[in-house]
Each structure stands twice: as C-alpha cells, then as structure tokens.
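On a predicted model such as this, the values are computed, not experimentally measured, just so you know. Below, chain A is the first sequence line, B the second, and so on; all start at residue 1.
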There are 2 protein chains.
Amino acid sequence: MKKNLYGKCPYVTAQKVLYGKWTIVILHLLNNDEPIRFNELQRMMPEEMTHTTLSRQLKYLEKEKMIIRKDYGEIPPRVEYSLSEIGKSFKTVLDEIEKWGTDYINFMNVNNAE
Amino acid sequence: MKKNLYGKCPYVTAQKVLYGKWTIVILHLLNNDEPIRFNELQRMMPEEMTHTTLSRQLKYLEKEKMIIRKDYGEIPPRVEYSLSEIGKSFKTVLDEIEKWGTDYINFMNVNNAE
DNA sequence: CAGAATCCCTATTGATACTG
DNA sequence: CAGTATCAATAGGGATTCTG
C-alpha cells in the first residue's frame with residue numbers, strides 16, 4: 001500500500017502547499033521588500049475575493065511557514081505580512097511560473113478562436 | 001469591479017491550470033520521452049488514487065492543452081498520454097519546483113519536532 | 001484495458017454579521 | 001483595521017458499478 005508522500009516527494013509537497021485557490025498569487029504579491037497590510041493585500045488581489053477567504057489562505061500559508069504575520073497590537077489593528085525565508089526562496093519558482101504562464105497565455109490566444 | 005484574469009495574468013492562469021490535486025505530479029511523470037498508458041500512469045502515481053480521479057485529472061489537463069491523449073482504437077483499449085508542446089515547456093517550472101520542494105522538505109524536517 | 005456513469009462525501013469557498 | 005464565527009453553496013475527490 002502506498003503511503004502519503006507529503007514531506008517526502010518534492011512534487012507532492014509543493015502541490016499541497018500551492019493547493020489553495022490564491023496561494024501563488026499571494027506569494028507573488030508578497031514577493032517584494034515591503035511587508036503588506038491585510039486590506040492593502042486584498043486590494044492588490046487581481047480578482048475579487050472576500051476577506052474571509054483571504055484570511056484563511058494567509059493562515060494556511062502561515063501554518064506552512066511560507067509567510068510571516070506581524071501583529072503590531074495597535075488600535076486600530078495593524079498587521080503586516082511578509083515572506084519567510086523559505087517563502088522567499090520560492091521566488092525561483094515564481095519567476096519560472098511567470099515566464100511559462102505568459103507563454104501559455106500567448107499560446108492559448110493563438111490557438112483558441114473563442 | 002475586478003475581472004476574471006484567467007488568460008491575462010500569468011500567475012492567475014498558472015494557478016488555475018495547476019489547481020487539481022495531482023496535476024503537478026502527473027505533469028512530472030509524463031515529463032519524459034515515452035508516452036505512458038493509463039494504467040501504467042496510475043501505478044506510477046506516488047499515492048493511491050482511483051482511476052476515476054486520474055481520468056478526470058487527465059481530461060482536465062487535456063482540455064487545458066497540457067497533455068495529448070492518443071487512442072489507438074484497439075481492443076483491448078490502448079491509450080497513451082504524453083505532454084503537448086506547451087506542456088513540455090512547463091519543464092522549467094517543474095525543475096524549480098523539484099529544487100524548491102526538496103529545500104522545503106529539509107527545512108520542515110529541521111524545524112519541526114513532530 | 002481504459003474508461004463513463006453514478007452517487008456520496010468532504011473540503012473549500014463565499015456571504016453575512018459581529019467585534020475590539 | 002483586521003479579523004472571527006457562522007451558515008450556505010459549490011466543487012472536487014473517492015468508491016463502486018458497468019461497458020466494449
């Protein structure tokens with residue numbers, strides 16, 4: 001009987017980390033030098049999403065050690081998100097995704113009449 | 001109001017193509033010179049999955065033009081799957097995923113007591 | 001062998017209201 | 001501002017059966 005290979009096979013593991021509906025986009029947006037506040041991040045998202053969903057995705061990525069949540073404990077609340085070290089190292093994948101994604105979009109535009 | 005950016009933003013697009021539970025692994029397994037038959041592919045999968053699920057994922061990837069399905073029309077059936085051109089170009093992403101995934105696994109092993 | 005069809009079940013998302 | 005809590009809606013996956 002085969003076993004769960006999360007934490008063993010790099011592909012299975014990466015798939016699980018990236019499985020959320022917005023994870024790649026969030027990691028991409030956080031991939032700069034400035035930490036980003038919650039609402040700011042929501043406004044930057046390319047598509048509509050509720051704060052409930054964003055909150056959940058952020059929590060998931062935090063649990064997976066991809067991002068760091070810094071709560072300033074102020075009123076009104078001020079929370080900033082940034083990439084962790086292992087999250088930053090994901091940049092090489094993001095760069096390839098951007099290149100490939102661009103190629104894929106062009107390819108689909110050429111090949112699809114619709 | 002924000003719009004659906006599938007087909008516009010490379011990250012959103014890549015996320016949608018990769019959203020299946022096994023897509024990355026399937027693309028990785030098909031990433032060689034030999035086409036692979038259905039049952040053979042199922043046996044190669046690192047974790048248990050039913051043929052129903054594999055069938056669905058393959059259909060999805062075929063619809064997204066990532067893979068090519070070749071039906072030999074024989075009895076008993078013989079169907080081979082291989083990567084399309086745009087699917088092959090995904091290799092650069094897969095390579096980075098493998099590297100990063102390996103780093104991530106090591107990182108998690110060092111940092112998690114459990 | 002390589003599915004399709006079906007049903008069921010769970011996980012994920014979305015919508016809304018509430019809070020310090 | 002940055003959430004949480006709750007509930008409803010949906011999609012995706014799994015199990016089983018049937019087929020040529």
Would A:Met44 end up clustered with A:Ile68 when hydrophobic side chains under 4.5 Å apart are linked, directly or stepwise?
->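 No, it is not one cluster - the side chains of A:Met44 and A:Ile68 are not joined through contacts under 4.5 Å.
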Should B:Met66 and A:Ile105 be counted in the same cluster of Ile, Leu, Val, Met, Phe, Trp and Tyr side chains packed under 4.5 Å apart?
->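 No, B:Met66 does not connect to A:Ile105 through the hydrophobic network.
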Would you indicate whether the side-chain heavy atoms of A:Ile26 and A:Met45 approach each other to under 4.5 Å?
->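 Touching, per the 4.5 Å side-chain cut-off.
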[N] [atom2] sits how many Å from [X] [atom1], rounded?
X	N	atom1	atom2	result
A:Ile36	D:dA2	CD1	C1'	15 Å
B:Leu58	D:dG13	CG	P	12 Å
A:Arg37	D:dC1	CZ	P	7 Å
A:Gln57	D:dT4	CD	C1'	17 Å

Examine distances only and state if a side-chain atom of [X] and a backbone atom of [Y] form a donor-acceptor pair shorter than 3.5 Å.
X	Y	answer
B:Gln42	B:Met49	yes
A:Gln15	B:Gly20	yes
A:Asn31	A:Leu27	no

Divergence of helical axes at both termini of the helix from C:dC1-D:dG20 to C:dG20-D:dC1 - five pairs an end, 10° steps |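 The end axes of the helix from C:dC1-D:dG20 to C:dG20-D:dC1 are about 50° apart, to the nearest 10°.
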For A:Ser55 and D:dA2, is the shortest distance between a side-chain N/O and OP1 or OP2 below 4.0 Å?
->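 A:Ser55 to D:dA2 OP1/OP2: no side-chain N or O under 4.0 Å.
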Would you tell me whether [X] and [Y] have side-chain atoms, one donor and one acceptor, within less than 3.5 Å of each other?
X	Y	value
A:Tyr104	B:Glu64	yes
B:Ser55	B:Thr52	no
B:Trp100	A:Ser89	yes

Considering residues at least two apart in sequence or located in another chain, which fulfil the ring-ring contact (aromatic ring centres under 6.0 Å, His included) criterion with A:Trp22?
->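 With sequence neighbours excluded, A:Trp22 shows a ring-ring contact (aromatic ring centres under 6.0 Å, His included) to no residue whatsoever.
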How does protein reach along nucleotides 6-11 of chain D, written 5' to 3' as B (base within reach of a heavy atom under 4.0 Å), S (only sugar-phosphate), or - (no contact)?
-> ------
Using the heavy-atom set of chain B and a strict 4.0 Å cut-off, write down the first and last nucleotide of DNA chain C that makes it in, 5' to 3'.
->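 The contacted stretch runs from C:dC1 to C:dT13.
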Quick one: on DNA chain D, does B:Thr50 or A:Lys59 contact a more 5' nucleotide (nearest heavy atom)?
->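 Looking at DNA chain D, the more 5' nearest nucleotide goes with A:Lys59.
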Where along residues 70-82 of chain B does a heavy atom fall under 4.0 Å from DNA chain D?
->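 Listed by number, they are B:Pro77.
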Is a salt bridge present between B:Glu40 and B:Arg43, judged by a nitrogen-to-oxygen distance below 4.0 Å?
->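 The answer is no: the pair does not qualify as a salt bridge.
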Determine whether the aromatic ring centres of A:Tyr19 and B:Tyr19 lie less than 6.0 Å apart.
->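 Close enough - the centres of the two rings lie under 6.0 Å apart.
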Residue pairs, two or more places apart or on separate chains, that pass salt bridge (Lys or Arg N to Asp or Glu O under 4.0 Å) and touch residues 83-92 of chain B =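 Applying salt bridge (Lys or Arg N to Asp or Glu O under 4.0 Å) to every pair that reaches into residues 83-92 of chain B, excluding sequence neighbours, yields B:Glu85-B:Lys88, B:Lys91-B:Asp95.
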